[in-house]
Amino acid sequence: MSTDAFDVSIERCPAYQQDSVERAIASAAEKAGFPSIDGKTILVKPNILNASAPEKAVTTHPVFLAAILRFLREKGAGRIIVGDSPGFQPGSSAGKTAGLYQVALDVNAEWNEFKQGSLHQAPAGKLVKSFVLADVLETCDMVVNLPKLKTHRLMNYTGAMKNLFGLIPGLAKSAMHLRYPDKEQFGTMLVDLALSVVPTFTFMDAIVAMEGEGPGNGTPYPLGLVLASASMPLIDWTAASIIGYKPEKIPYLADAMQRIGKNPENPEYSCGPESVQTVRAENFKLLPYEMAHPSALKALPGFLQKLAVSATMRRPIFHEKKCIGCSACVKICPGKALVLDRKASGINKILIDDAACITCFCCHEVCPVNAISAGKVLHRPRRDRKLP
Ligand code: SF4
Ligand code: SF4
């Protein structure tokens, strides 16, 4: 890496127009010190959360992926593998809807479904010292990480580090939610995972970002930016700041900064040619900083705990008028808290066992029709409850 490179490069790029995206990526790469990859095997990891059309801003845009793949070819990459593992769908079928699968084939890249896992060591992990990750990772010299900048119902913000959670094959991701239901622990695990994947270089698709009910049901926000960095904590910190968060209030971002030796109260690093101040988004709809998880309330007596949870925690709320009965939420739910009740009237009703729900919002993430919102539930009507 060039010594005068920026820690994070921020380039303007107003639209998914092929030439301008290619220019922005090449410039961002150079200014952030993209390394030599001559003859190397590269794993390209877009964000394919689910089968969504590109204009919904749920997934990395196909024009962005195409520009990256051309860039990697020009830089002399030997073998290029593209893949992801959405929660409950094969990567290729979600990738086809997102327009990404065909793009990979067009430049003779290989597609990998991340079906098989193998043990990956994370010796510096605080909480997790080894993960089962897509086995293809072990055959690659470098990961080129292509997150989409989005809000996230559980973690507030999702970008570079969270995107690597997709290296965990299929529904094993749900098991991680169950194992680390506490938001802070889950965040620590995410940082353990992300920092164990080296070397990684991130190009963030922030040309159209997602605000509001991210990561699956928010609103596209034309931000007009491409970010690049060899550091995931720094690029995430920068992106979260651009959209208006105080990143020090997002525990996993603060944790990651501390682990790379930066003070979250006043981190020193370089951005260019633009800065956070020159590109800051206006009126970007953020999700509120989350309150404590039930585990943090364990010291309270039972009835107070219940009251505190009802008064402070947001829970999933299911809207039967919107539900199309696809069962995606039921299948992905780590707590097995949901059942689909198909009524003779044609109405699809999702019943929930609040005692089994760990408020991970995986259901919210995968619902294709925005039929799940989040809110405080003081009393769930009996007709909406899943009975044990
Ligand atoms: S109901 Fe939704 S939020 Fe609750 S555990 Fe299941 S997937 Fe997570
Ligand atoms: S709530 Fe959403 S994810 Fe669940 S069954 Fe209905 S449409 Fe599918």
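Bear in mind the structure is a predicted one, so any value in this text is a computation, not a measurement. Both counts, for ligands and for their atoms, begin at 1 and track the order of listing.
Here CG of L253 is found 10.5 Å from OG1 of T238. Values are rounded to the nearest 0.5 Å. Note that CG of L105 and CG of N108 are 8.5 Å apart. Values are rounded to the nearest 0.5 Å.
Atom 4 (Fe) of ligand 1 has an N, O or S atom of C357 closer than 2.8 Å. With a cut-off of 2.8 Å, atom 8 (Fe) of ligand 2 has no N, O or S atom of C329 in range. In summary, C367 places no N/O/S atom under 2.8 Å from atom 6 (Fe) of ligand 2, failing the contact criterion.
Contact atoms of ligand 1 toward C333: 1 (S), 5 (S), 6 (Fe), 7 (S) (distance under 4.0 Å to a heavy atom of the residue). Heavy-atom contacts of P334 reach the following atoms of ligand 1: 7 (S) (cutoff under 4.0 Å). Near F361, meaning under 4.0 Å from any of its heavy atoms, are these atoms of ligand 1: 3 (S), 8 (Fe). Numbered from 1 in the order shown, with element, the atoms of ligand 2 that lie under 4.0 Å from a heavy atom of V369 read 7 (S). The ligand atoms of ligand 2 that sit less than 4.0 angstrom from a heavy atom of C323 are 1 (S), 5 (S), 6 (Fe), 7 (S). Numbered from 1 in the order shown, with element, the atoms of ligand 1 that lie under 4.0 Å from a heavy atom of I358 read 4 (Fe), 5 (S).
Here F131 and F165 keep their ring centres 6.0 angstrom or further from each other. Between F71 and F34, the ring centre distance stays below 6.0 Å. Taking the six-membered ring where the residue is Trp, the centroids of Y245 and F284 are separated by 6.0 Å or more. Taking the six-membered ring for Trp and the full ring otherwise, the centers of Y157 and H152 sit at least 6.0 Å from each other.
In I324, the parts holding a heavy atom less than 4.0 Å from any atom of ligand 2 are both the side chain and the backbone. The backbone of S327, and not its side chain, has at least one atom closer than 4.0 Å to an atom of ligand 2 (non-hydrogen atoms only; backbone = N, CA, C, O). The side chain of L338, and not its backbone, has at least one atom closer than 4.0 Å to an atom of ligand 1 (non-hydrogen atoms only; side chain from C-beta on).
In this structure a side-chain-to-backbone donor-acceptor pair under 3.5 Å is missing from K150 to G159. The backbone N or O of L193 sits nowhere less than 3.5 Å from a side-chain atom of H120 that would complete a donor-acceptor pair.
Taking atom 7 (S) of ligand 1 as the reference point, the nearest protein heavy-atom neighbour is C363 N, 3.4 Å. Ranking protein heavy atoms by distance to atom 8 (Fe) of ligand 2, first place goes to C326 SG, 2.3 Å.
Cation-pi contact between K31 and F6: absent, since separation from the ring centre below 6.0 Å together with deviation from the ring axis within 45° is not met.
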